[in-house]
Amino acid sequence: LFIFFPKYVPEIKLQFAGIVLCFIMSMFLNGENKVFIRLGLFITVISDYLILLTKTDYVISVFIFSFVHLIYGYKLYKEKSIKSMIYIRLGLFIITEIIMIFLFGFDLLLLVSTFYFINLLANCIHGVLNYKINLIFAVGIILFLLCDIFVGINNINEFINIPQITFPINFMWLFYFPSQVLITLSIKEKLVNVS
């Protein structure tokens with residue numbers, strides 16, 4: 001309803017209710033991933049509350065949201081080297097941020113968004129490369145990435161002077177809500193040890 005008929009329903013309240021329901025559902029699921037997924041979903045609820053209902057400054061909201069992907073990153077790397085995760089992501093962040101500063105100048109929202117996106121993209125790549133470990137999580141994190149690509153498209157005119165792009169439906173939520181449902185359901189997926 002809130003994706004295809006937003007004018008006829010309380011769109012924002014339904015969006016937030018959907019995210020809260022994902023967290024509540026996670027409390028009734030058991031599996032090897034439950035601690036990480038529940039914590040990630042709880043922080044997601046906080047972030048979406050700030051973005052959707054209180055209209056808190058995007059810098060704060062995106063910064064808090066970054067912790068979701070750090071938690072999921074830790075989950076993905078828990079059987080591997082955490083140090084390598086930190087070094088790779090930090091290196092990518094520094095390189096990308098230098099390029100962003102060169103192109104657009106220093107901007108706090110851009111800084112935080114870059115940190116957020118690097119972690120999301122790294123999780124997506126790792127999830128896809130290791131999809132046999134948890135396929136549902138991999139698909140969920142891909143949908144998460146697609147959502148944020150549309151978030152970027154909707155907000156790019158803050159940094160580049162181009163006409164606002166409009167879409168017939170809300171593609172952000174078309175990808176975001178299913179991503180949260182799948183990430184929640186990934187708690188139940190049995191982990192498979194893959195060398």
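- Taking hydrophobic clusters as Ile, Leu, Val, Met, Phe, Trp and Tyr residues chained together by side-chain heavy-atom distances below 4.5 Å, I101 shares a cluster with L111.
- The distance from the OG atom of S26 to the CD1 atom of I187 is 4.5 Å, given to the nearest 0.5 Å.
- N134 approaches S186 most closely through the heavy-atom pair ND2-O, 3.3 Å.
- Atom CZ of F171 sits in a crowded spot, with more than 12 heavy atoms from other residues, nucleotides or ligands closer than 6.0 Å.
- Side-chain contact between V181 and L185 is present, with heavy atoms from C-beta onward closer than 4.5 Å.
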Intermediate values then yes/no, side-chain hydrogen bond (donor to acceptor under 3.5 Å, both in side chains), Y116 and D148: CA-CA 10 Å; Y116 168 88; D148 282 329; 2.3 Å; yes
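- Between F65 and H69, the ring-plane angle classifies as parallel under the 30° and 60° cut-offs.
- Closest approach of F115 to N119, counting heavy atoms only: O-ND2, 2.8 Å.
- Within the 4.5 Å cutoff, the side chain of L90 has heavy atoms near those of the I94 side chain.
- A heavy-atom distance below 4.5 Å is found between the side chains of M27 and F23.
- The side-chain heavy atoms of K34 and L29, taken from C-beta on, include no pair separated by under 4.5 Å.
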Step-by-step side chain to side chain contact (heavy atoms under 4.5 Å, CB included) determination, Y49 to T54: CA-CA 7 Å; Y49 173 78; T54 68; 3.3 Å; yes
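- Nearest heavy-atom pair, T114 versus T96, reported as atom, atom and distance to 0.1 Å: CG2-CG2, 3.6 Å.
- To the nearest 0.5 Å, atom CZ of residue F177 and atom CD1 of residue I3 are 8.0 Å apart.
- Two residues are said to be in side-chain contact when any heavy atoms from C-beta on lie closer than 4.5 Å; I118 and E97 fail this criterion.
- The local environment of CZ in F42 is sparse, with at most 12 non-hydrogen atoms from other residues, nucleotides or ligands closer than 6.0 Å.
- The heavy-atom pair separating N123 from G73 by the smallest distance is OD1-CA, 3.2 Å.
- Just one residue in the list F150, F4, F16, F2 forms a ring-ring contact (aromatic ring centres under 6.0 Å, His included) with W173, and that residue is F2.
- Two different hydrophobic clusters hold V35 and F67 under the rule that ILVMFWY side chains link at heavy-atom gaps under 4.5 Å.
- Considering CG of L120 and CG of L145, their distance stands at 5.0 Å, rounded to 0.5 Å.
- For S113 (side chain) and L110 (main-chain N/O), no donor-acceptor pair under 3.5 Å exists by modelled atom type.
- Annotation: the span from I64 atom CD1 to L50 atom CG amounts to 5.0 Å, rounded to 0.5 Å.
- Annotation: the span from S47 atom OG to I19 atom CD1 amounts to 10.5 Å, rounded to 0.5 Å.
- Distance check: Y131 OH to I136 CD1 gives 14.5 Å after rounding to the nearest 0.5 Å.
- A ring-centre distance under 6.0 Å is not found for F175 and F144.
- Of all heavy-atom pairs spanning A138 and G127, the tightest one is CB-O, 3.4 Å.
- When all heavy atoms of Q15 and N170 are compared, the pair lying nearest together is NE2-ND2, 3.9 Å.
- Separation of the F137 and Y72 ring centroids falls under the 6.0 Å cut-off.
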